[in-house]
Structures are given as C-alpha cells and as structure tokens.
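Chain naming here is simple, since letters A, B, ... match the order of the sequence lines and numbering starts at 1 in each. The basis for the numbers below is simple: all heavy atoms, side chains too, and nothing from hydrogens, waters or symmetry mates.
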There are 2 protein chains.
Amino acid sequence: MNIGDASERSGLPAKTIRYYEDIGLLKPGRSENGYRDYSMNDVHRLKFLQRSRSLGFSVEECRQLLSLYGDTQRESADVKALAQIKLGEIDRKIAELQSLRDTLRHLVRNCHGDARPDCPILDELAGKPAAGAGKSAAQDKELSPRH
Amino acid sequence: MNIGDASERSGLPAKTIRYYEDIGLLKPGRSENGYRDYSMNDVHRLKFLQRSRSLGFSVEECRQLLSLYGDTQRESADVKALAQIKLGEIDRKIAELQSLRDTLRHLVRNCHGDARPDCPILDELAGKPAAGAGKSAAQDKELSPRH
DNA sequence: GCTAGGGCTTCCAGTAACTGGAAGGTCAAG
DNA sequence: CTTGACCTTCCAGTTACTGGAAGCCCTAGC
C-alpha cells in the first residue's frame with residue numbers, strides 16, 4: 001500500500017513515516033513507479049512506533065523495542081532481558097500516569113476556582129516521589145504540613 | 001534555594017530548568033547575588049513538569065496543566081473542563097501503556113528467539129486499535145491467523 | 001589577602017525528532 | 001489531455017532541550 005494508507009492506518013503523518021525510514025526504523029519496498037510500498041508488517045511497526053513514541057519513549061528506545069520483533073538473530077536471553085527492562089519502565093510510567101491522574105482529580109475536586117494563593121494539591125504532588133532517580137537526597141522533611 | 005538544589009529535588013537538569021523559565025513556565029525570585037532562588041512551590045511545579053513531560057505531554061500541554069494551579073483568575077468551569085479533557089488523555093495513555101505492556105509480555109512468553117520471519121505478536125498488536133484517529137479504514141481482515 | 005574549586009550567570013551553537021514548503025513526477029477521472 | 005490528488009526529494013524551520021565558552025560568586029585552605 002502507499003504511504004497515505006500506511007499513514008491513515010498507523011496514525012502517523014506521512015512526513016514522520018518517511019523520517020522513520022531515513023533513520024532506519026523500517027525499509028518498505030518500492031513499487032515500479034518509485035512510490036513506497038508498505039506491507040501489513042510495516043504498518044504494525046508504524047503503529048507500534050506511534051504508540052510507544054506518544055507514551056514518552058525516545059526513538060532509540062523504540063528502536064530497541066522494535067528489535068524484539070523480527071530480529072531472529074538475537075538470543076532468547078537478550079530479548080528477554082531487554083523486554084524485562086522495558087516492562088519495568090512501562091510499569092513505572094503507568095504508575096506515574098496514575099499518580100498524575102490522581103493529582104488532577106484531586107485538584108478538580110478541591111480547588112474549584114476560589115482565589116487562594118497556593119494550591120493545596122501541591123503537597124499531595126510532592127508526597128509521591130514516583131520511584132524516581134534512586135535515593136535522591138531530597139525528601140528531607142521538606143514540607144511543613146500546613147493547611 | 002539555588003538551582004542545583006531545585007534540580008536535584010525536581011529531577012530536572014539545571015539547563016532544562018532555566019529553559020523552562022525562558023519560555024515562561026515559572027518565574028523564580030533572585031537572590032542578592034543574582035542567583036535564581038526557588039521556592040518549594042517552584043520545585044513542585046518543576047516536579048510536575050518533569051512527570052508530565054516524561055509521560056508524553058508537550059510543553060504546551062504542560063503549560064495548560066500547570067495553569068490549573070495558581071491561576072486564580074480562571075473560572076471554575078474553565079478549570080474543570082480543561083482538567084476533564086486532560087484526565088481523558090491520561091486515561092487513554094494509561095490504557096495504551098497497558099496494551100503496550102501486554103504486547104511485550106506476550107512477546108516475551110511466546111517468541112523466545114526461534115528464527116521465524118514474522119512475529120505472531122503482531123496480530124495481537126493490530127487487534128487493539130487503542131482508540132485512535134477515528135474509525136480508521138484498517139482492520140479489514142488483514143492478518144491470516146498463521147503462527 | 002590569595003588562590004583553587006565548585007556553583008552560578010548569560011549567550012551561542014548543536015542535537016533530536018519532527019514539520020512545512022517548494023519543485024516536480026505519477027495516475028485515475030472527466 | 002488537463003485537473004487534482006498523491007507521491008517523490010530536498011532543504012529550511014520548529015520544538016525542546018543540551019553542551020560549551022567566558023566570566024562572576026563564594027567558601028575553604030594556605
């Protein structure tokens with residue numbers, strides 16, 4: 001199929017799809033007329049890229065994730081280890097999104113537009129370090145539990 | 001506190017913090033010596049930025065999210081509507097991450113490194129359109145259920 | 001006081017990941 | 001056979017940082 005179809009099916013702009021080809025994330029065939037020709041497999045890769053990019057994985061991380069497909073030379077152990085690392089990252093992202101959601105929900109419920117200088121939700125926000133950056137020297141009783 | 005502390009507490013590099021100031025996401029005070037001086041409130045904003053940026057929200061979206069704090073001029077209805085939209089986006093992101101995680105997990109379990117040309121997980125992947133791009137013309141019996 | 005070190009400042013240049021636009025080839029419809 | 005949609009390449013611009021230079025501030029040791 002042509003790039004327009006691939007774009008529609010993957011949710012990625014054609015520009016971006018060509019860019020991904022430039023940087024070696026896929027190599028679609030070419031038709032007689034020189035147009036790019038995408039297989040279903042290509043579309044799946046694109047869709048996977050669309051999803052993982054929109055969720056905050058870098059292109060290089062996406063390249064790793066994609067290497068879990070198709071790269072039949074890789075050894076089981078490598079694949080499994082890589083996938084395990086990425087699964088951990090995904091779980092962390094899910095937890096962070098949930099905490100972000102809680103923050104926002106709480107905010108909607110408690111801060112309904114009255115003119116207060118400091119928003120009480122900020123404490124809440126600070127209270128959940130989201131498993132970050134290994135043992136950061138912060139967290140030293142930083143917040144007075146006011147309000 | 002100085003930018004170094006703010007950096008450590010927020011998990012953002014000092015460079016990025018200055019950049020966020022440049023584009024108007026916060027306005028820390030200045031000490032006598034000209035150094036930036038961050039309040040706890042500033043640190044919370046930074047932490048919030050760190051989280052939401054790492055989860056795939058654009059800087060402009062983060063600006064909107066941040067406007068839910070502190071902008072006491074905004075009307076309740078506006079705030080609520082905006083937050084509702086963002087909550088929807090967050091829920092969608094969580095769902096996508098979960099589906100991504102399922103895909104990866106499934107992949108780890110089923111594709112343990114044997115030399116097959118197409119990965120069976122692709123079916124799985126394609127089967128979950130992840131609420132995307134309205135009614136895409138895809139899904140037309142695309143994959144033969146081999147593997 | 002003097003100097004070395006680390007942290008801070010601004011400014012400018014570079015990178016990553018697109019994104020828009022020009023200039024032109026291809027192709028089905030009228 | 002022309003119009004319009006879609007495709008091509010190439011080059012320039014944008015977003016969101018990131019690195020590095022040049023220089024000020026501040027504490028510590030001699």
Side-chain angles (χ1 to χ4, degrees), chain A residues 1-39 42-43 45-67 93 132-133 136-138, chain B residues 1-39 42-43 45-67 93 132-133 136-138:
Chain A
M1 83 189 69
N2 285 350
I3 201 169
D5 275 337
S7 166
E8 201 176 337
R9 283 163 194 250
S10 67
L12 287 169
K15 279 273 181 184
T16 303
I17 296 177
R18 288 193 202 99
Y19 172 71
Y20 285 166
E21 183 181 346
D22 278 359
I23 63 175
L25 290 178
L26 38 42
K27 292 145 222 76
R30 292 279 177 152
S31 317
E32 298 267 308
N33 57 13
Y35 287 14
R36 287 167 180 84
D37 185 25
Y38 295 87
S39 68
D42 291 326
V43 172
R45 291 177 77 91
L46 289 171
K47 210 158 176 172
F48 187 87
L49 283 165
Q50 189 279 316
R51 268 211 276 172
S52 37
R53 283 295 293 129
S54 87
L55 294 168
F57 289 97
S58 75
V59 165
E60 281 319 303
E61 287 170 327
C62 290
R63 198 190 297 278
Q64 294 186 335
L65 287 168
L66 271 181
S67 81
K93 277 172 189 289
S136 88
Chain B
M1 82 191 69
N2 285 350
I3 201 169
D5 275 336
S7 165
E8 204 176 334
R9 283 163 195 252
S10 66
L12 287 170
K15 279 270 180 185
T16 302
I17 296 176
R18 290 195 201 97
Y19 172 71
Y20 285 166
E21 182 180 348
D22 278 359
I23 62 173
L25 290 178
L26 37 41
K27 293 145 221 76
R30 294 277 178 154
S31 318
E32 296 268 309
N33 58 11
Y35 288 13
R36 287 168 182 82
D37 186 24
Y38 295 88
S39 68
D42 291 327
V43 172
R45 291 177 77 91
L46 290 170
K47 211 158 179 173
F48 187 88
L49 282 165
Q50 187 278 317
R51 269 211 276 171
S52 38
R53 282 295 292 131
S54 86
L55 294 168
F57 289 97
S58 76
V59 165
E60 279 321 300
E61 287 170 328
C62 290
R63 198 190 297 276
Q64 292 186 336
L65 287 168
L66 271 180
S67 81
K93 277 172 189 289
S136 86

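- Here the side chain of A:Lys15 is nearest to one of D:dT18, C:dC18, C:dG20, namely C:dG20.
- We find that B:Glu60 and B:Arg63 are joined by a salt bridge, their nearest charged nitrogen and carboxylate oxygen being less than 4.0 Å apart.
- Among the nucleotides D:dT18, D:dC17, D:dC7, the one closest to the side chain of B:Tyr20 is D:dC17.
- Considering only the side chain of B:Tyr19, D:dT18 comes nearest among D:dT18, C:dC8, C:dC27.
- Regarding B:Asp37, its CG atom lies at a distance of 13 Å from the P atom of D:dC26, rounded to whole Å.
- The side chain of B:Arg30 contributes an N or O atom lying less than 4.0 Å from OP1 or OP2 of C:dT10.
- Comparing B:Gly34 and A:Ser58 by the nucleotide of DNA chain C whose heavy atom lies nearest to each, the residue mapping closer to the 5' end is B:Gly34.
- For A:Glu61 and C:dA17, the CD to P distance is 10 Å, given to the nearest whole Å.
- The nucleotide whose nearest atom lies closest to any side-chain atom of A:Tyr35 is, among D:dC7, C:dC11, D:dA16, D:dC7.
- Within the 4.5 Å cutoff, the side chain of A:Arg45 has no heavy atoms near those of the A:Leu25 side chain.
- OP1 or OP2 of D:dC26 sits under 4.0 Å from a side-chain N or O of B:Asn33.
- The 5' end of DNA chain D is approached more closely, in terms of each residue's nearest nucleotide, by A:Tyr38 than by the other of A:Tyr38 and B:Glu32.
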- Stepwise side-chain contact (heavy atoms from CB on, under 4.5 Å) test for B:Asp5 and B:Tyr38: CA-CA 9 Å; B:Asp5 275 336; B:Tyr38 295 88; over 6 Å; no
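- Taking a cutoff of 4.0 Å between a charged side-chain nitrogen and a carboxylate oxygen, A:Arg30 and A:Glu21 qualify as a salt bridge.
- For D:dT18, the OP1/OP2 oxygens have a side-chain nitrogen or oxygen of B:Thr16 closer than 4.0 Å.
- Side-chain proximity of A:Arg53 to the nucleotides C:dT26, C:dC18, D:dT18 is greatest for C:dC18.
- Under 4.0 angstrom from either OP1 or OP2 of D:dT8 there lies at least one side-chain N or O belonging to A:Arg36.
- Relative to the side chain of A:Arg18, the nucleotides D:dC17, D:dT8, C:dA17 differ in distance, and D:dT8 lies closest.
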